[in-house]
Amino acid sequence: APSMLPARSWTHMMANLDRHFGDDASVEPKLAAEITAYLVANAGDQGGQRYGAKLLRGVPDPSVPQRITELPKWVKEHREVSAQEWKQKDVRTKANCTACHTRAELGYYDE
């Protein structure tokens, strides 16, 4: 969800799609501008969903986090999840929020 990172992170990420976590995720410039505008408008520090402000607590202003899973609040909330649980067939990756948070698609992560 766009609300899970600050606007500066989305701007940086979209400006570097040719080096997106080891892949080239480049898109046409017009589409990139539209996606960037959406992400920035809905970023956690721009009034995105309610969980975004909570998740961004503790993130210093000048930093440009690229992974939600590295944010202080995310790390704290998931500290009790064992390495084995992340490897379960239904989970497999820390990016699979819906494996545990059944209402993640609606922006609810409290369960």
Side-chain angles (χ1 to χ4, degrees):
S3 63
M4 295 186 135
L5 287 174
R8 61 188 176 273
S9 294
W10 292 120
T11 300
H12 180 280
M13 195 177 301
M14 290 302 297
N16 294 286
L17 287 177
D18 60 328
R19 297 180 307 276
H20 186 72
F21 301 106
D23 290 321
D24 184 349
S26 298
V27 296
E28 294 296 319
K30 183 180 179 208
L31 179 58
E34 291 172 8
I35 294 170
T36 301
Y38 172 80
L39 293 169
V40 167
N42 292 283
D45 60 347
Q46 301 296 314
Q49 295 177 4
R50 66 182 179 88
Y51 191 72
K54 286 183 185 179
L55 192 59
L56 295 180
R57 285 185 196 142
V59 176
D61 279 340
S63 70
V64 185
Q66 296 298 291
R67 296 179 188 272
I68 295 161
T69 57
E70 295 173 353
L71 298 176
K73 177 74 172 166
W74 191 98
V75 172
K76 179 181 176 186
E77 292 291 326
H78 295 85
R79 68 186 177 276
E80 295 180 9
V81 179
S82 70
Q84 188 61 33
E85 288 178 90
W86 290 117
K87 294 177 185 176
Q88 288 183 10
K89 180 176 73 170
D90 293 342
V91 179
R92 295 191 186 192
T93 175
K94 292 178 180 180
N96 185 8
C97 300
T98 58
C100 300
H101 302 282
T102 58
R103 297 177 49 189
E105 291 180 8
L106 299 172
Y108 296 101
Y109 300 88
D110 292 336
E111 67 253 333

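- In this structure, the separation between OG on S9 and CG on L39 is 11.0 Å, given to the nearest 0.5 Å.
- Between A104 and C97, the shortest heavy-atom contact is CB-CB, 4.1 Å.
- The shortest heavy-atom contact between G58 and P72 is O-CG, 3.8 Å.
- No side-chain donor-acceptor contact under 3.5 Å links T69 to the backbone of K94.
- The pair D45-R8 counts as a salt bridge, with a side-chain nitrogen and a carboxylate oxygen less than 4.0 angstrom apart.
- Heavy-atom minimum distance, W10 versus A1: CZ2-O, 3.9 Å.
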Requested in this report: Could you go through the side-chain contact (heavy atoms from CB on, under 4.5 Å) check for W86 and V81 one step at a time?
Outcome: CA-CA 7 Å; W86 290 117; V81 179; 3.4 Å; yes
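- For residues 73-83, the set of pairs meeting the side-chain hydrogen bond (donor to acceptor under 3.5 Å, both in side chains) definition, not counting sequence neighbours, comprises K73-E77, S82-E85.
- Between the side chains of S63 and D61, no donor-acceptor pair of N or O atoms lies under 3.5 Å.
- With contacts defined as side-chain heavy-atom distances shorter than 4.5 Å, the pair T98/E105 qualifies.
- In this structure, the separation between OG on S26 and CG on D18 is 5.0 Å, given to the nearest 0.5 Å.
- Under the 4.5 Å side-chain heavy-atom criterion for ILVMFWY residues, no single connected hydrophobic cluster contains both M14 and V64.
- Taking each heavy atom of A7 and A43 in turn, the nearest pair found is N-CB, 3.3 Å.
- Within the 3.5 Å criterion, the main-chain N or O of V91 finds a donor-acceptor partner in the side chain of N96.
- Atoms CG and CD, from L71 and Q66 in turn, are 10.5 Å apart once rounded to the nearest 0.5 Å.
- Judged by distance alone, the side chain of R57 and the main-chain N or O of K54 form no donor-acceptor pair under 3.5 Å.
- Taking the side chain as every heavy atom from C-beta outward, D24 and L17 never approach each other to under 4.5 Å.
- Here the side chains of L5 and M13 are in contact, with some heavy-atom distance below 4.5 Å.
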